[in-house]
Protein chains: 2
Amino acid sequence: MTKIAGLDDQLCFALHAASRTMTNAYRAGLPEIGLTYPQFITLVALWEQDGTTVSELGARLHLDSGTLSPLLKRLAGMGLIERRREAADERRVSIHLTPEGRALESRAAAIQRDIFQGIDITDSEAEALLSLAHRFTAAAESTTQTSR
Amino acid sequence: MTKIAGLDDQLCFALHAASRTMTNAYRAGLPEIGLTYPQFITLVALWEQDGTTVSELGARLHLDSGTLSPLLKRLAGMGLIERRREAADERRVSIHLTPEGRALESRAAAIQRDIFQGIDITDSEAEALLSLAHRFTAAAESTTQTSR
DNA sequence: CGCAATTGAGTTGTGCGCAATGTACTTTGG
DNA sequence: CCAAAGTACATTGCGCACAACTCAATTGCG
């Protein structure tokens with residue numbers, strides 16, 4: 001057989017579509033606080049752990065400097081974070097939340113709650129999806145001989 | 001509570017990461033046939049049903065003309081598809097596979113098989129993930145009052 | 001010590017994704 | 001029959017994602 005399965009049977013397509021639909025759902029609330037989805041998720045990482053370097057942040061978000069540098073520049077421009085060149089190793093830049101950036105967490109949490117309340121999915125379904133998505137990511141990443 | 005859950009607990013982040021990791025996995029094989037992942041998935045839709053209009057294709061892929069127009073232009077430039085202005089309604093453009101585009105299906109199928117063989121995930125896990133991803137997409141889409 | 005290799009961040013170029021807008025064509029209502 | 005409304009596609013602008021590259025700082029090895 002040399003045929004390819006139809007669109008709906010493609011796992012890759014389903015993941016792609018789910019991800020974009022989700023980004024779309026966030027687009028309903030995040031603009032209120034002036035954020036895009038990737039900016040939001042970057043702040044989530046910082047709310048969890050502040051003061052990390054760009055590359056450390058990139059490792060957690062699975063993003064490289066080519067994506068993060070301009071994104072962080074925009075967040076700094078909004079006054080939500082600060083970029084500090086480190087004294088010990090001047091190649092490194094550490095990222096620090098400003099008071100404004102820290103203050104955004106509660107508003108973002110409220111927006112996120114609203115978004116998920118609107119989605120008709122059970123807790124157990126969400127949990128299963130979360131753990132399977134992690135499984136898939138881990139499995140797919142281990143095959144790709146990541147060079148970074 | 002005004003805090004936001006950690007990165008690993010974010011369903012949204014897990015979906016985002018899974019989708020990008022998967023795109024990355026395809027990046028290992030698709031360049032052989034000169035395609036990006038969205039171009040590949042567009043061809044999958046055409047292999048499934050040829051001769052549709054741009055908007056019909058967009059509905060199936062959940063993409064709008066702003067994304068599809070340049071993408072289709074690139075595919076046409078590679079000689080894989082043809083764009084025909086319809087006689088009956090000249091606003092419409094129908095998309096048709098060329099023999100070269102049709103011939104690509106078997107090669108693409110082989111590449112896809114290789115990619116999935118490298119991913120250590122069971123059939124039942126893949127099926128569960130597929131169906132949950134569909135569930136999520138449907139649930140999240142129904143809340144967003146989509147105007148298109 | 002001195003210089004080559006490595007590392008951390010940034011820049012550039014290409015393509016995707018989407019909102020907003022533009023343009024040509026078709027349908028509808030008077 | 002013609003003007004207004006609606007439709008199908010294209011274009012523009014912005015941000016994300018990633019590869020490839022540059023540059024400066026640091027590390028390591030002779």
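A note on names: the letters A, B, ... follow the listed sequences, proteins ahead of strands, and every chain is numbered from 1.
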Student: What is the distance, to the nearest angstrom, from the CG atom on Leu63(A) to the C1' atom on dG8(C)?
Tutor: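 Computing the Leu63(A):CG to dG8(C):C1' distance gives 16 Å.
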Student: Take the angle between the ring planes of Phe40(A) and Trp47(A) and call it parallel below 30°, perpendicular above 60°, tilted in between.
Tutor: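 Because their plane-to-plane angle is over 60°, the rings of Phe40(A) and Trp47(A) count as perpendicular.
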Student: Which one, dC18(C), dC18(D), dA9(C), comes nearest to the side chain of Val54(A)?
Tutor: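 The listed nucleotide nearest to Val54(A)'s side chain is dA9(C).
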Student: Give a yes/no on whether any side-chain N or O of Arg84(A) is located under 4.0 angstrom from OP1 or OP2 of dA9(C).
Tutor: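 Negative; the distance criterion is not met.
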Student: Send over the distance from Leu72(B) CG to dC9(D) C1', rounded to a whole Å.
Tutor: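 Whole-Å distance recorded here is 11 Å.
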Student: Using a distance-only test with no angle check, is there a side-chain donor-acceptor pair under 3.5 angstrom linking Thr98(A) and His96(A)?
Tutor: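 Per modelled atom types, Thr98(A) and His96(A) side chains form no pair under 3.5 Å.
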Student: Hey, are the side chains of Arg60(B) and Gln49(B) touching, using non-hydrogen atoms and a 4.5 Å cut-off?
Tutor: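 A side-chain contact under 4.5 Å exists here.
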Student: Want to settle it: does Ser94(A) or Pro38(B) sit nearer the 5' end of DNA chain C, counting the closest nucleotide to each?
Tutor: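 Between the two, 5'-proximity favours Ser94(A).
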Student: Give the rounded distance in Å between these two atoms: CD of Glu90(A) and P of dT27(D).
Tutor: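 Spelled out: CD on Glu90(A) to P on dT27(D) is 12 Å.
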Student: Could you give the OH-to-P distance, from Tyr37(B) to dA17(D), as a whole number of Å?
Tutor: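 To the nearest whole Å, that distance equals 16 Å.
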Student: Is the shortest side-chain N/O distance from Arg20(B) to OP1 or OP2 of dC18(D) below 4.0 Å?
Tutor: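 Answer yes for this pair, as a side-chain N or O of Arg20(B) is under 4.0 Å from OP1 or OP2.
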Student: Partners of Arg135(B) by side chain to side chain donor-acceptor pair (under 3.5 Å), sequence neighbours excluded?
Tutor: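 Partners of Arg135(B) under the side chain to side chain donor-acceptor pair (under 3.5 Å) test: Glu125(A).
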Student: Output the single nucleotide from dA17(D), dT26(D), dA19(C) whose closest atom is nearest the side chain of Asn24(A).
Tutor: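 Side chain of Asn24(A) sits closest to dA19(C).
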Student: Side chain of Arg91(B), base of dT26(C): donor and acceptor closer than 3.5 Å?
Tutor: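 It does not, because no donor-acceptor pair links the side chain of Arg91(B) to the base of dT26(C) below 3.5 Å.
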Student: On DNA chain D, compare the nucleotides closest to Asp89(B) and Gly66(B); which residue's is nearer the 5' end?
Tutor: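 Residue closer to the 5' terminus by nearest nucleotide: Asp89(B).
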Student: Using a strict threshold of under 4.0 Å (side-chain N to carboxylate O), is an ion pair present between Arg84(B) and Glu82(B)?
Tutor: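 Salt bridge: yes.
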Student: With sugar-phosphate meaning primed atoms plus P, OP1 and OP2, does Thr53(B) contact a base, only sugar-phosphate, or nothing at under 4.0 Å between heavy atoms?
Tutor: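 Here Thr53(B) touches the backbone only, sparing every base.
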Student: Round to a whole Å and report the spacing from CZ of Arg92(B) to C1' of dT27(C).
Tutor: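 These atoms are roughly 13 Å apart.
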Student: Please state whether the phosphate of dC9(D), meaning OP1 or OP2, lies under 4.0 angstrom from any side-chain nitrogen or oxygen of Ser55(B).
Tutor: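 Looking at the OP1 and OP2 atoms of dC9(D), one of them is under 4.0 Å from a side-chain N or O of Ser55(B).
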Student: Please state how far atom CG in Asp64(A) lies from atom P in dT12(C), giving the value in whole angstrom units.
Tutor: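 After rounding, the gap between these two atoms is 16 Å.
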Student: Side chain of Thr36(B): nearest nucleotide among dC18(C), dC18(D), dG15(C)?
Tutor: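 Looking only at side-chain atoms, Thr36(B) lies closest to dG15(C).
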Student: Whole Å only: how far is the NZ atom of Lys73(B) from the C1' atom of dT14(C)?
Tutor: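 One finds 16 Å between C1' of dT14(C) and NZ of Lys73(B), rounded.
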Student: OP1 or OP2 of dA8(D) sitting under 4.0 Å from any side-chain N/O of Arg85(B)?
Tutor: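 No, outside the criterion.
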Student: What integer distance in Å separates Leu30(A):CG from dG15(D):C1'?
Tutor: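 Taking atom C1' of dG15(D) as the reference, CG of Leu30(A) is at 14 Å.
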Student: Base of dA10(D), side chain of Ser65(B) - is there a donor-acceptor contact under 3.5 Å?
Tutor: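 Check passes, donor-acceptor contact within cut-off.
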Student: Measure from the side chain of Arg27(A), starting at C-beta and using heavy atoms only, and say which of dG8(C), dC18(C), dG10(C) lies closest.
Tutor: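 Nearest listed nucleotide: dC18(C).
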Student: Quick one: is His16(B) getting a side-chain N or O under 4.0 Å of the dA17(D) phosphate, OP1 or OP2?
Tutor: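 For dA17(D), OP1/OP2 do have a side-chain N/O of His16(B) under 4.0 Å.
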Student: Taking only the side-chain heavy atoms of Ser69(B) (C-beta and beyond), determine which of dC18(D), dA10(D), dG10(C) contains the nearest atom.
Tutor: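 The answer is dA10(D).
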Student: Does the plane of the ring in His62(B) sit parallel, tilted or perpendicular to the ring in Phe13(A)? Use 30° and 60° as the thresholds.
Tutor: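 His62(B) and Phe13(A): parallel rings.
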